[in-house]
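Quick caveat, the model's predicted, so the values are computed rather than measured. We name chains A, B, ... by the order of the sequence lines, and we start the count at 1 in each one.
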Amino acid sequence: MYSLPIFVSTFVKMKKTVIPSFVQHIIPWYLENKRDLPWRNTQDPYSIWISEIILQQTRVQQGMSYYHALLHQFPTVQDLANAPQDQLFRVWQGLGYYSRARNLQLGAQLIASEYQGNFPKSYDEWLQVPGVGPYTAAAVSSFAYDFPKAAVDGNVLRWVSRYLGSKDPIDLPGTKKNIQLLLDDWIQHASPHVFNQASMEFGAILCTPKNPHCAVCPLNEECQSFKNDWVDAIPVKEKKIKTSNLYLYAALVTNQQEQMMLEKRPPQGIWGNLYTLPFLTFDTEVPMEEALAQLNERFPNPNNWKLETPEPIIHLLTHRRMHVYIFSNLLDVMPKNAYKFGSWISKDEAKGLGFPRVFEKFLTHKGHL
DNA sequence: TAATCGTGGAG
DNA sequence: TCTCCAAGATT
């Protein structure tokens, strides 16, 4: 006989109950056990919005200092809207996913102009802000304005699928949609901002990806995964992460004025709009002579390079293992107009720019930053 | 829709 | 050392 998908059947069943059991158990747990996080002590939409953009795919511990730095550098949405992008990237430097910073400023400009510095309030309004998707729109509108929309992030997908014992892959849009529908119903039985905070905190603190704390979980008696011993098997993911190699050859070129050649990356692609040493990339390893030959095509430099990284720097990206080789022009003098794709930048100027972590570390180590 | 976009910490 | 993946969004 045909059976309803588990989320739909749960949704139908819960419709009949007055207050979902999850709400009854998890909100008291949250109020007792929540972490003291700075963006939880405010209803200021600007601070909350900044925090949510930072926390996309980013752990609290990693994002905390950036949260304080951004609010310190750009106290108001107008400050952020009017800031030079280089200044923003200097603050965002090292946090990764730099399109977040670009879109954050686009959003600030939208709010400063079209909203006259007031902030969107509803979920649908926030969804129009660049860099704000379904999760962030629900989070900001509920935290700042108590708008009743469930925030569905990785924590929530995990605990809901475990709680219901669903083996639907959580990386499929249909699964997310079902969970969104279910929680959009449940959230009506609680204070929206408390519900969303409690929901995510529960996933982050108790229903963790590995070694969840089922023994002390207030929901363990009704958790389908706990009862069936599926906790380690749920959530299910369809896609597996496969990493491939990427070989990056960069040039540290300096002149007699103690300037170095830097390129601003194009807006699209990795490290968009940040500053890097000029570099070439290959999907497969190439002989060192070939890499040097290609560097020489770009720089009218006598073939005199020094390999600064005898062992390549291994820079791990989510889907890539990057092998970074850096060459310097050991003895040769580069003419001022030798290379038209980059700019000569002094040490002091470079300090105000944003660099990807791998270049920032190297240049700092060599005393160029 | 599937691929892309960083970095650092946990296990 | 290696895999996983974290308060996702965009194209």
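- Comment: A:E308 engages A:K366 in a salt bridge, judged by a side-chain N to carboxylate O separation of less than 4.0 angstrom.
- Counting any heavy atom pair closer than 4.0 Å across all strands shown, A:R59 reaches a base atom.
- Annotation: of the two residues near DNA chain B, A:L274 and A:P173, the 5′-most nearest-nucleotide partner is A:P173.
- Within the nucleic acid shown, A:V132 comes within 4.0 Å of sugar-phosphate atoms alone, with no base atom in reach, counting heavy atoms only.
- Follow the hydrophobic side-chain contacts under 4.5 Å out from A:Y66 and you reach A:L353 in the same cluster.
- Map A:G154 and A:K210 each onto its nearest nucleotide of DNA chain C; the residue landing nearer the 5' end is A:K210.
- Between the side chains of A:Y275 and A:R265, not a single donor N or O lies within less than 3.5 Å of an accepting N or O.
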What pairs of nitrogen or oxygen atoms, one from the protein and one from nucleotides 2-5 of chain B, lie under 3.5 Å apart?
| residue | atom | partner | partner atom | Å |
| --- | --- | --- | --- | --- |
| B:dC5 | N3 | A:Y97 | OH | 3.4 |

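- Proximity of A:T243 to the phosphate of C:dT3: no side-chain N or O atom is located under 4.0 Å from OP1 or OP2.
- Position along DNA chain C of the nearest nucleotide to A:K237 versus A:A137 favours A:K237 as the more 5'-ward residue.
- Spacing of P atoms, B:dG8 relative to C:dA9, comes out at 22 Å, to the nearest Å.
- The residue A:R158 sits close only to the backbone: its heavy atoms come under 4.0 Å of sugar-phosphate atoms, none of a base.
- As rounded to whole Å, 18 Å separates atom C1' of C:dT11 from atom CZ of A:R100.
- Between A:E258 and A:K347 there is no salt bridge, since no side-chain nitrogen of the basic residue lies less than 4.0 Å from a carboxylate oxygen of the acidic one.
- Listed nucleotides B:dT7, C:dG8, C:dA7 differ in distance to A:Q62; the shortest reach to its side chain belongs to B:dT7.
- Separation of the C1' atoms belonging to B:dA3 and C:dA7 is 22 Å when rounded to the nearest angstrom.
- If you check every strand for non-hydrogen atoms under 4.0 Å, A:T136 touches sugar and phosphate atoms only.
- Side-chain to base pairing of A:T58 with C:dG8: no donor and acceptor N or O lie closer than 3.5 Å to each other.
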Next on the checklist: Run the side-chain hydrogen bond (donor to acceptor under 3.5 Å, both in side chains) test on A:N245 and A:E285 for me, step by step, so that the C-alpha distance in whole Å, both residues' side-chain angles and the decisive distance to 0.1 Å come before the verdict.
Outcome noted: CA-CA 8 Å; A:N245 289 317; A:E285 190 160 21; over 6 Å; no
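- A close approach under 4.0 Å does not occur between any side-chain nitrogen or oxygen of A:H315 and OP1 or OP2 of B:dG6.
- Residue A:Q57 places no side-chain N or O under 4.0 Å from the OP1 or OP2 atom of C:dA6.
- Per the geometry, CD belonging to A:Q93 stands 15 Å off C1' belonging to B:dG8, to the nearest Å.
- A salt bridge is absent between A:E360 and A:R90: the closest approach of a Lys/Arg side-chain nitrogen to an acidic carboxylate oxygen does not fall below 4.0 angstrom.
- Atom CD in A:Q180 sits about 13 Å away from atom C1' in C:dG8, given to the nearest Å.
- Nucleic acid contact class of A:I54 (heavy atoms, under 4.0 Å, all strands): none.
- A:W39 comes within 4.0 angstrom of a base, heavy atoms only.
- In the hydrophobic clustering, where aliphatic and aromatic side chains (Ile, Leu, Val, Met, Phe, Trp, Tyr) are joined below 4.5 Å either directly or transitively, A:Y123 groups with A:L127, A:F147.
- Across all strands, A:L157 comes closer than 4.0 Å to no nucleic acid atom at all (heavy-atom distances).
- Taking atom OH of residue A:Y66 and atom P of nucleotide C:dA7, one finds them 18 Å apart after rounding to whole Å.
- Nearest heavy-atom pair across A:V152 and A:V156 is CA-CB, 4.1 Å.
- Contact annotation: A:R357 reaches the phosphate of B:dG8 (side-chain N/O to OP1 or OP2, under 4.0 Å).
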